[in-house]
Q: 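This is the structure I have questions about; it appears just below.
The model shown is predicted, which means the values in this text are computed figures rather than measured ones.
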Amino acid sequence: MGAPCRLVYDQWTRFEDFPSFMKKVVSVDQASDEELNWKARIFWSSRTWRSTIVEQVPDRHIVWRSAAAKGRVDGTVSFHALTPDLTRVLLVLEYRPGGLFERTGNLWRAQGRRVRLELKHFRRHVMTRSLTRPGEVEGWRGEIHDGEVVRTT
């Protein structure tokens, strides 16, 4: 992504902005620094889940665990500054479907395709909005280790 690592990381930590550029995310409510409540559209229905950030280091990575009635998604997103204005974002997800609909979709790898598409939306948002107004993007710069906030800024 052709943007500085700090800007990309800061935009990622603005979870409540996700519905404005991701097609299937309906809402994100940040209950605390480490707890998030998500709602997304899946075809004709919606799904909700809670995620807990277990580790977060500014400009480096965020690790979370999620639980919902229809499955779990654990993941890590990492940010790598390749040059001062070029950042690589790596996202690794472990999806464990819990319902028949989810397991069927998993056979077709629908979730992986959806995530790749949503990452493209994130990239477009950073390149067209965040990069043109970097002063407006203030992310959370605190640290979380073992699920507890150890430093806030």
Q: Please identify each residue that fulfils side-chain hydrogen bond (donor to acceptor under 3.5 Å, both in side chains) with Arg129, with sequence neighbours left out.
A: none
Q: Atom OG1 of Thr87 and atom CZ of Phe79: how far apart are they, to the nearest 0.5 Å?
A: 9.0 Å
Q: Can Val149 be reached from Val63 by stepping across I, L, V, M, F, W or Y side chains whose heavy atoms are under 4.5 Å apart?
A: no
Q: Taking all non-hydrogen atoms of both residues, which atom of Asn37 and which atom of Ala31 are closest, and how far apart?
A: ND2-CB, 3.9 Å
Q: Any side-chain heavy atom of Leu91 sitting closer than 4.5 Å to one from Leu119?
A: yes
Q: Quick one, Val8 and Val89 - any side-chain contact, counting heavy atoms below 4.5 Å?
A: yes
Q: Which distance, rounded to the nearest 0.5 Å, do you find between the CD of Gln11 and the CE of Met1?
A: 9.5 Å
Q: Kindly work out whether a path of hydrophobic side-chain contacts (I/L/V/M/F/W/Y, heavy atoms less than 4.5 Å apart) joins Leu86 to Met127.
A: no
Q: Can you list the residues that meet the side chain to side chain contact (heavy atoms under 4.5 Å, CB included) rule with Val92, with sequence neighbours excluded?
A: none
Q: Run the side-chain hydrogen bond (donor to acceptor under 3.5 Å, both in side chains) test against Glu34 and tell me which residues pass, sequence neighbours left out.
A: none
Q: Is the distance between the ring centroids of Phe18 and Trp38 less than 6.0 Å?
A: yes
Q: Would you say Leu90 and Val77 make side-chain contact, with heavy atoms under 4.5 Å?
A: no
Q: What I want to check is whether the side chains of His61 and Glu55 have a donor and an acceptor closer together than 3.5 Å.
A: yes
Q: Working to the nearest 0.5 angstrom, can you tell me the gap between Ser51 OG and Trp64 CH2?
A: 8.0 Å
Q: Check whether any side-chain heavy atom of Ile62 lies under 4.5 Å from a side-chain heavy atom of Ile53, and answer yes or no.
A: yes
Q: Do Leu7 and Val137 come within less than 4.5 Å of each other through their side chains, counting heavy atoms only?
A: yes
Q: Measure the OG-OH distance between Ser78 and Tyr9 for me, rounded to the nearest 0.5 Å.
A: 12.0 Å
Q: Measure the CD-OG1 distance between Glu138 and Thr13 for me, rounded to the nearest 0.5 Å.
A: 10.0 Å
Q: Looking at every heavy atom in both Pro4 and Leu131, which two are closest together, and how far apart are they?
A: CD-CD1, 4.0 Å
Q: Which residue pairs satisfy the salt bridge (Lys or Arg N to Asp or Glu O under 4.0 Å) criterion with at least one member in residues 58-68, sequence neighbours excluded?
A: Asp59-Arg141
Q: For Arg41, does the CZ atom have more than 12 heavy-atom neighbours from other residues, nucleotides or ligands under 6.0 Å away?
A: yes
Q: Does anything in residues 15-28 pair up under salt bridge (Lys or Arg N to Asp or Glu O under 4.0 Å), and if so which pairs, sequence neighbours excluded?
A: Arg14-Asp17
Q: If you measure from CD on Gln56 to OG1 on Thr76, what distance do you get to the nearest 0.5 Å?
A: 12.0 Å
Q: Applying side-chain hydrogen bond (donor to acceptor under 3.5 Å, both in side chains), name anything that partners Glu35, two or more places apart in sequence or on another chain.
A: Arg50, Thr52
Q: Is there a path of hydrophobic side-chain contacts, each under 4.5 Å between heavy atoms, that joins Leu93 and Val54?
A: no
Q: Is there a side-chain contact between Val57 and His145, using heavy atoms and a 4.5 Å cut-off?
A: yes
